[in-house]
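Contents: one structure, followed by commentary.
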Amino acid sequence: MNRSMAILLAAALPALAAAADPVGVAAKGGFPEYLFIEKVTRSEAEATAQKLAKAVMAGRMIIFAHGAKITDASLGDKGFGGAFFEEQWRRSTDDLTIDATPAQKRILDKLFWAGRQVMDNNQDRINTPGVAWKHFLPAKWEREMGQVLTARTGIIVKQPGRTYRSPVNVPDDLERATLEHFIQAGHAENKPRSVATSMGKQAVVRYMEPIRLMVPCLPCHGNPKGTPDMLGFQKDGLEAGDVIGLMSVTLAVSD
Ligand code: HEC
C-alpha cells in the first residue's frame, strides 16, 4: 500500500465505524429503571395498575376543570396549589381507595404525593399574571407526575400518544401495537390490555387502557387536520370518542 492510499483509508475508517454503530439509538438489553422499589404480587398487579390508571385520569380531570382559571391572564395567584389539588384528588378517588389492599393504599399514597409535588413545582408558571397560555394542562401534569412517581417507586405511568407532542410520550413497541388495536377496534372497545413481560431484569405487568377525546379537547386534537392549534402544533384531525393515547402503567411483580 502506498502512502496516499494509506491516508485515504485512514480517513475512511471513522466513517465505516460510524456506519456500524448508529448514534442516538436505544441501548439494547436492560431498562433504565433497574431498581423497582415498589412491587406487588402478580395476583394483585392488574387491579393495582387499574386503580392507578383510574386515579391518574381523575387527576387529569381536576386540572382540566380548572383550565379556564389557569388560562385567565387577568389572574395572578390561582389558589391552585399542591395541598388544594391533593385534597380534591383524594376526594374524587374515594371509590378506588375504599377497597384497596395495604399495598395498593401505600402505592396510591405515593401517587397522590407525586401529583401534589408537580402542582407545587408549577406554581410560578400557573400564577404568572398577564399570560393566558402558560403550558399547564392535564397531559403536562401527567408527564411530570409520572416522572416523579417513577423516581420514587419505579412504577411507570406514561401516556403514549398516536401523534405525540412531547418526546416523553413516544410509544414503545407494545404501546404502539396496543394503540393500533384500539384505533382499529372503534369507539366501543375499551377493554384494558394487561401483559406479563419483563423490563430489563425485572418481571412486570404492563397495563394499558385508551384515552379518548372529548369535545373540549378538539381545538387542539381535532379538525381541520394539519392546521395549527393555538400552540402551533398541527391538529390531529380526530373526533370526540377517538383514541388519542393510552394510560400505560408498568408495575414490578414480586413473585
Ligand atoms: C390547548 C391545546 C390542548 C388541548 C385543549 C388538549 N391538549 Fe392534549 N396535548 C396538548 C399538548 C401541548 C400536549 C403535550 C403536553 C406535554 O407533555 O407538555 C398534549 C398531550 C396530550 C397527550 C399525550 C400524548 C402527546 O401528544 O404528547 C394526550 C393523551 C392528550 N394530550 C390528550 C388530551 C385530551 C384527552 C384532551 C381533552 C381532555 C386534550 N388533550 C386537550 C395540547 C392540548
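Atoms within a ligand are numbered from 1 in the order they appear, just like the ligands themselves. FYI, the numbering just counts along the sequence from 1.
- With ligand atoms numbered from 1 in the order given, ligand 1 contributes 26 (O) to contacts under 4.0 Å with heavy atoms of Thr163.
- Ring orientation note: the planes of Phe84 and His66 are nearly perpendicular, at an angle over 60° on the 30°/60° scale.
- Within the structure, ligand 1 has Pro216 among the residues with a heavy atom less than 4.0 angstrom away.
- Using a 30° and 60° split on the angle between ring planes, Phe36 and Phe31 fall in the parallel class, below 30°.
- Ligand 1 has a nitrogen or oxygen under 3.5 angstrom from a nitrogen or oxygen of Arg143.
- At least one heavy atom of Leu231 sits closer than 4.0 Å to an atom of ligand 1.
- For the pair Glu142 and ligand 1, no heavy-atom separation below 4.0 Å is found.
- One finds the CD atom of Glu38 at 11.5 Å from the CD atom of Gln104 (value rounded to the nearest 0.5 Å).
- Every heavy atom of Val168 sits 4.0 Å or more from the atoms of ligand 1.
- At the shortest separation from atom 28 (C) of ligand 1 among protein heavy atoms lies Arg60 NH2, 3.9 Å.
- Near His135, meaning under 4.0 Å from one of its heavy atoms, ligand 1 places the atoms 15 (C), 16 (C), 18 (O).
- Close contacts of ligand 1 with Met214, meaning ligand atoms under 4.0 Å from a residue heavy atom, involve 38 (C).
- In the model, His221 has a side-chain atom that pairs as donor or acceptor with a side-chain atom of Arg165 under 3.5 Å.
- Between the CG atom in Asp242 and the NE2 atom in His187 there is a gap of 4.0 Å [rounded to 0.5 Å].
- Polar contact with ligand 1: present for Ser166 (N/O pair, distance under 3.5 Å).
- For the pair Asp229 and ligand 1, the shortest N or O to N or O distance does not fall below 3.5 Å.
- Within the protein, the N, O or S atoms sitting under 2.8 Å from atom 8 (Fe) of ligand 1 are His221 NE2.
- At a cut-off of 3.5 Å, with distance as the only test, no side-chain donor of Thr150 or Glu33 sits close to an acceptor on the other residue.
- Near Gln159, the atoms of ligand 1 lying under 4.0 angstrom from a non-hydrogen atom of the residue are 23 (C), 24 (C).
- Of the candidates Lys191, Lys54, Lys51, Glu209 forms a salt bridge (Lys or Arg N to Asp or Glu O under 4.0 Å) with just one, namely Lys54.
- Looking only at heavy atoms of the protein, atom 29 (C) of ligand 1 is closest to Ile211 CD1, 3.8 Å.
- For the pair Glu180 and Arg176, the salt-bridge criterion is not met [side-chain N within less than 4.0 Å of a carboxylate O].
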Check step by step if side chain to side chain contact (heavy atoms under 4.5 Å, CB included) holds for Arg152 and Gln117.
CA-CA 12 Å; Arg152 184 165 178 199; Gln117 300 297 310; over 6 Å; no
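- A pairwise comparison of heavy atoms in Val205 and Ser194 identifies CG1-OG, 3.5 Å as the closest pair.
- A salt bridge between Lys134 and Asp72 is absent, with no side-chain N of the basic residue lying under 4.0 Å from a carboxylate O of the acidic one.
- Among the candidates Asn122, Val168, Leu149, the single residue satisfying the side chain to side chain contact (heavy atoms under 4.5 Å, CB included) test with Glu144 is Asn122.
- Of the protein's non-hydrogen atoms, the one nearest atom 27 (O) of ligand 1 is Asn169 ND2, 2.7 Å.
- Side chain of Asp120 to main chain of Gly82: a donor-acceptor pair is present (N/O by atom type, distance under 3.5 Å, no hydrogens or angles).
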